[in-house]
J.: 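Take this structure, written in structure tokens, and hold onto it; I'll ask about it next.
Residue numbering restarts at 1 for every chain, and letters A, B, ... go by the order of the sequence lines.
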There are 2 protein chains.
Amino acid sequence: MRTTARLQSLIDALQVLPGVGPKSAQRMALALLQKQRPAGLHLAEVLATAMRDIRECRICRNYADADECEVCRDPHRDPSTLCIVESPADVFAIEHAGGYHGHYFVMHGRLSPIEGIGPEELGLDRLARRVEDGSVSEAIVATNATVEGEATAHYIRQLIGHAVPDITRLAQGMPVGGELEYTDGGTILHALRGRRRLSGE
Amino acid sequence: MRTTARLQSLIDALQVLPGVGPKSAQRMALALLQKQRPAGLHLAEVLATAMRDIRECRICRNYADADECEVCRDPHRDPSTLCIVESPADVFAIEHAGGYHGHYFVMHGRLSPIEGIGPEELGLDRLARRVEDGSVSEAIVATNATVEGEATAHYIRQLIGHAVPDITRLAQGMPVGGELEYTDGGTILHALRGRRRLSGE
């Protein structure tokens with residue numbers, strides 16, 4: 001195919017984005033060229049800044065603009081509650097839900113011997129040091145409800161159990177708006193096991 | 001939602017891409033940050049270059065790195081055949097199909113009085129000057145098979161008909177691999193009207 005070298009480089013480079021193949025990359029490049037050049041330049045700028053300057057918070061390992069992230073620096077958040085998650089996307093999801101006011105610890109992965117991901121890769125030594133002084137009263141282990149997520153949760157419980165009084169997992173059960181008919185058996189079993197008395201409130 | 005300002009800027013800026021909403025923008029930003037920072041920086045670079053430096057070929061109006069595009073500069077292409085298309089994406093499609101060795105003229109749009117797009121916006125004055133000397137023997141008007149595309153084709157025929165001996169439209173009919181059962185009536189009518197004798201070759 002004959003095209004300008006610059007346009008072809010752009011189409012190739014756009015395919016680093018997840019879910020973007022040659023066809024959508026071409027559509028994106030042409031759309032930017034035709035009507036969105038200033039916005040495209042702006043995207044190039046913030047992208048370069050983000051790739052160069054976003055680092056990991058030295059306390060919780062979430063992404064941060066400075067040495068410490070906004071949550072860790074916020075005096076209104078409760079540092080005695082710690083939510084341990086697999087990825088920054090999980091922090092997004094929990095913050096978006098609202099209602100959680102504790103701190104986080106981001107592992108950037110889960111234990112996976114096959115992929116060579118062990119406790120050090122997840123920064124679990126840092127997690128252990130953080131809870132050592134007894135300042136964390138509850139650790140919510142919010143790893144995913146997958147086999148690897150459960151195994152990681154189990155490991156974390158053994159690692160920090162002596163220093164943290166309460167170690168909890170997220171409740172499993174019916175999703176809000178979910179219908180029994182379309183819910184898988186494992187979820188229904190968990191929902192039955194965790195059933196709660198209807199109160200008269 | 002609490003996040004780093006730089007990450008949020010990146011998520012916002014990515015939404016300029018067609019088909020990218022807040023959720024996929026977040027997924028893209030996090031994927032780049034986690035594993036693809038060098039590729040992300042490279043994307044930022046080629047994106048900035050493309051937005052700044054890609055211009056329109058002064059002959060055919062397709063995108064080009066220099067004053068004239070690769071097709072217009074190629075001595076092996078036949079300048080007496082001119083394919084007139086609505087967009088650079090159409091050039092991609094035709095070049096990808098292979099088998100066309102003439103030149104192009106890119107209108108970057110189609111006539112649309114409602115949107116205020118007239119002949120000048122499409123550079124049709126330049127098209128008229130280009131064919132004026134009689135050097136173009138065939139013009140293939142490859143506007144889309146839509147109402148506006150047909151109207152634009154009609155206008156072009158009136159505009160350059162006196163200077164170009166052959167003015168053609170792309171054949172309409174069954175797409176290759178298409179099945180009658182799933183083909184719309186308009187296409188079937190065109191395919192019937194344009195039917196060709198089975199030769200014994």
J.: Search all heavy atoms of B:V16 against all heavy atoms of A:A39 and return the closest pair with its distance.
T.: CG2-CB, 3.5 Å
J.: Ignoring hydrogens, what is the shortest heavy-atom contact between B:R27 and A:G19? Give both atom names and the distance.
T.: NH2-CA, 4.5 Å
J.: With rounding to the nearest 0.5 angstrom, report the CG to OG distance, A:D65 to B:S9.
T.: 8.0 Å
J.: Spell out the residues in residues 41-60 of chain B that have some non-hydrogen atom less than 4.5 Å away from a non-hydrogen atom of chain A, in order of number; otherwise answer 'none'.
T.: B:L41, B:H42, B:L43, B:A44, B:V46, B:L47, B:A48, B:T49, B:A50, B:M51, B:R52, B:D53, B:I54
J.: Working to the nearest 0.5 angstrom, can you tell me the gap between B:F92 CZ and A:I11 CD1?
T.: 3.5 Å
J.: Do you know the tightest heavy-atom contact between A:R37 and B:Y63?
T.: NH2-CE2, 3.8 Å
J.: For the candidates B:L14, B:L33, B:I94, which exhibits the highest count of non-hydrogen atom pairs separated by less than 4.5 Å from chain A?
T.: B:L33
J.: What pairs with A:R110 under side chain to side chain donor-acceptor pair (under 3.5 Å), at least two apart in sequence or on another chain?
T.: A:E86
J.: Kindly list each side-chain donor-acceptor pair under 3.5 angstrom involving residues 115-123 of chain B, sequence neighbours excluded, with atom names and distances?
T.:
unit_1	atom_1	unit_2	atom_2	d
B:E115	OE2	B:S112	OG	3.1
B:E121	OE1	B:G118	N	2.8

J.: Give the member of A:P88, A:G40, A:P18 that has the highest number of heavy-atom pairs under 4.5 Å with chain B.
T.: A:P18
J.: At a heavy-atom distance under 4.5 Å, which candidate from A:A31, A:C69, A:A89 has the highest pair count against chain B?
T.: A:A89
J.: Taking only residues two or more places apart in sequence, or in another chain, which ones meet B:R157 in a side chain to side chain contact (heavy atoms under 4.5 Å, CB included)?
T.: B:H154, B:I167
